[in-house]
There are 2 protein chains.
Amino acid sequence: MRYKIILAYDGTKFAGFQAQPNQRTVEGVLKKAVNKIAKEPTPEIQIYGSGRTDSGVHALGQVVHFDLPIEMSEVNMLNALNSILPLDTVVKKVEIVDQNFHARFTTHGKKYEYRMALGKFVDPFKRNYTGHWKFPVKIELIENAIKDLEGTHDFSSFVASGSTVKSHVRTIYQASVREDKAQNEIIFEFYGNGFLYNMVRIMVAVLAEIGSERRPVDDIPRLLEVKDRDQARGTAPASGLYLKEVDY
Amino acid sequence: MRYKIILAYDGTKFAGFQAQPNQRTVEGVLKKAVNKIAKEPTPEIQIYGSGRTDSGVHALGQVVHFDLPIEMSEVNMLNALNSILPLDTVVKKVEIVDQNFHARFTTHGKKYEYRMALGKFVDPFKRNYTGHWKFPVKIELIENAIKDLEGTHDFSSFVASGSTVKSHVRTIYQASVREDKAQNEIIFEFYGNGFLYNMVRIMVAVLAEIGSERRPVDDIPRLLEVKDRDQARGTAPASGLYLKEVDY
């Protein structure tokens, strides 16, 4: 039986999604929980995520699949996983899917949200759950500029130097920004067919600079053109980033 | 010069407010910051809080005062403290007050808020910031029962066994509860002239049991009468408790 699960996690205390030796990772705790349920140590059950998230990055709707040699109902799997998983990880939904489903290879799109807290000082309750930008922001400048990211582009200016993928061409179906005045936050949303290493965080840093007039409002077409990471400069902190949804 | 400061802190990583040897406490980090600003190691400047908060308990409006041998404007003090303090503590307001003000001895009232998350599983993003109650709740039962706590009573049934104060008589000016349906939380608020050790957390545990019909709706007058801590049973977790306001 193949199980698709949708899970949320607070990334603060994880060294990212992907399993690494001697590190606490989402994949690590989840794989351990699944194997505990299966009670079959050999062969070890592998789990497959839609993609990695970095250390400190959160998920509201990460998707993972795995094959279990025993049969268990969706609701029993949900309860079993949540009774084993640590409190910073929760399974929101379990679905039995057919063998054609693959969490990584059959994705159609991913949606990321970035929450940026404004104000002079960091709110202690938001320090792990938002980025922070202390400069005044004109939201209409960001609204204007963010549309330049939509479409199919070579995002070489927006990829961290550690990336090893061959192509930097990705499609952003939709990019938007809104203000949450009650929370004094700016919330960015990006929906696309895939994102490069640190791509969302670099885009957000550029957009914040545009919003504070530290960079011209029409700078994004230029950055896409020059394909030079150094010209994008900053990377917004991991704490504000949420993997919100993965579509298949 | 006497300075009154209002501060917020995320209590998750503090061993409570009060300074203790080899423990990270709010008083400890604040005292260190104040003494760094004063640049006078002898005699050491003492700080006085409105009262303690336990490990894991948060504050939105804790009040502290201290005397500084040098003169500094309110805004400069605010900026100086926030540039030194760790990110889980923030000073929201600084006020120069006269020598009659004392953060602990001149309080008129304190307001506490308790946030209880409902639902079967713990939300990973709320695990340090709410209590959790997985049983169905009838809010009208709590609304009814909570009013029995208002007024002047002997709260001996609602004090943790570690308490050493002589009198357990306190006055609750106002006690209320509301539902936040969007967040799926119940929020309790208590405003009184003082609170005993764990008193709010014990009251919340009793009220939650009443809301889930695990205890009769008229049980509070009986508990106040019997003055027996064992009959109140539970203590809601520290993570949901916020010191919201201190009045003078």
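In what follows, chains carry the letters A, B, and so on, assigned in the order in which the sequence lines appear, proteins first and then strands, with residues in each chain numbered from 1.
Summarising the geometry of Arg127(A) relative to Asp10(B), their closest heavy-atom pair is NH1-OD2, 2.6 Å, with the distance given to 0.1 Å. The minimum heavy-atom distance between Phe125(A) and Tyr9(B), with the atom names listed, is CZ-O, 3.1 Å. A pairwise comparison of heavy atoms in Pro124(B) and Ala8(A) identifies CG-O, 3.8 Å as the closest pair.
Atom OH of Tyr173(B) has more than 12 neighbouring heavy atoms from other residues, nucleotides or ligands inside a 6.0 Å radius. Around CZ of Arg2(A), the count of heavy atoms belonging to other residues, nucleotides or ligands within 6.0 Å exceeds 12. Counted within 6.0 Å of CZ on Phe101(B), heavy atoms from surrounding residues, nucleotides or ligands total more than 12; the atom is thus considered enclosed. Remark: Arg104(A) CZ is loosely packed, at most 12 non-hydrogen atoms of other residues, nucleotides or ligands lying under 6.0 Å away.
Looking only at atom types and distance, the side chain of Asn79(B) has a donor-acceptor partner in the side chain of Lys120(A) under 3.5 Å away.
For Leu85(B), no part sits under 4.5 Å from any heavy atom of chain A, backbone or side chain.
Most heavy-atom pairs under 4.5 Å with chain B, from the set Asn82(A), Val122(A), Thr89(A): that is Asn82(A).
If you take CG on Asp123(B) and CG on Asp88(A), they are separated by 11.5 Å, rounding to the nearest 0.5 Å. Rounded to the nearest 0.5 angstrom, Phe121(B) CZ and Leu81(A) CG are separated by 9.5 Å.
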